[in-house]
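Computed from a predicted model, the values in this text were never measured in an experiment. Chain letters run A, B, ... following the sequence lines, proteins first and then strands; every chain starts at 1.
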Amino acid sequence: VTAATQVRLANDIAAQFAYLDHDKAVAGIVTHLTAFWDPRMRAQLLAHLAAGGEGLDPLARDAASRL
Amino acid sequence: MHVDRFVRGKGRLIPTPYVPTEERSTRRFPLILTTGRILSQYNVGSQTRRTANQRWHPEDVLEIHPHDAEVRGIRDGDEVRLASRVGATALRARIAERMPVGVVYTTFHHPVTGANVVTTEHSDWATNCPEYKVTAVQVEPARRLDREHRTDAAATLGLTPVAADAT
């Protein structure tokens, strides 16, 4: 699985929470990523974020930075 | 429990925006593959494959519209190669008027079909369930290696075709 896959998934998740206020949306995304993602997927997302986080939706980026 | 009122109100509605798949047909993979189940085979293969109803569906076939079949030189019953950008498998074609032009369909009740070899990395945001409904593919008459792969896969899995009159 490539980082691009994690980025797409994270962005799709962000789209589902985008109707909420920023902080609630970020909290919701963090909860989802923590509860349902395999630790290896989170590690891959964090590595992508550390490398600049290209392609990440702003909400997904904020959520990833709080993992 | 809910005397006079529901304890958490009449309901909790949560928006679920539609997120279209990024999968697109291309010149190399101009058809869209969608997969599904047949009622009589639901979970037959994913459980024990020891119940008698498996006889009703001896193999998965690829349903394809007559126009799509004709331009590819595919006749009813031919073995065909089904390929996407991630993988390829082989199965038998069935010419089907019920299919729209541009869309092919198969079931995934038999592991030898290898439908999940063809489907992509796309998945559902909530459960990460793989996308089984939209995969860009190409279909062509099977090559010898495709047939051998199909036979090898069946042998590896210890499968033999189920005869229609098996008891």
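Clustering ILVMFWY residues whenever any of their side-chain heavy atoms sit less than 4.5 angstrom apart, transitively, puts A:Phe17 in the very cluster that holds A:Trp37. Grouping the Ile, Leu, Val, Met, Phe, Trp and Tyr side chains by contacts below 4.5 angstrom, directly or via other members, places B:Leu33 with B:Ile74. Under the 4.5 Å side-chain heavy-atom criterion for Ile, Leu, Val, Met, Phe, Trp and Tyr, A:Val7 and A:Leu59 are members of the same hydrophobic cluster. In this structure, B:Leu82 is a member of the same hydrophobic cluster as B:Leu31, with clusters built from ILVMFWY side-chain heavy atoms closer than 4.5 Å. Both B:Trp125 and A:Leu67 are assigned to one and the same hydrophobic cluster, defined by single-linkage of ILVMFWY side chains at heavy-atom distances under 4.5 Å.
For a heavy-atom cut-off of 4.5 Å, chain B lies close to A:Tyr19, A:His32 in residues 18-34 of chain A.
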Can you give me every donor-acceptor pair (side chain of residues 93-103 of chain B, partner residue at least two apart or in another chain, under 3.5 Å) with its distance?
residue, atom, partner, partner atom, Å
B:Arg98, NE, B:Glu63, OE1, 2.8
B:Arg98, NH2, B:Glu63, OE1, 3.3
B:Arg98, NH2, B:Glu63, OE2, 2.7

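Contact between A:Leu9 and B:Asp124 at its shortest, heavy atoms only, is CD2-O, 3.8 Å. Among all heavy-atom pairs drawn from B:Thr16 and A:Gln16, the shortest one is CA-OE1, 3.3 Å. Contact detail for A:Arg8 and B:Glu121: the closest heavy-atom pair is NH2-O, 3.2 Å. Among all heavy-atom pairs drawn from A:Ala15 and B:Pro17, the shortest one is O-CG, 3.5 Å.
For CZ of B:Arg28, the number of neighbouring non-hydrogen atoms (other residues, nucleotides, ligands) closer than 6.0 Å is 12 at most.
One distance of note links CG of A:Asp12 with NE2 of B:His122; it measures 9.5 Å at 0.5 Å rounding.
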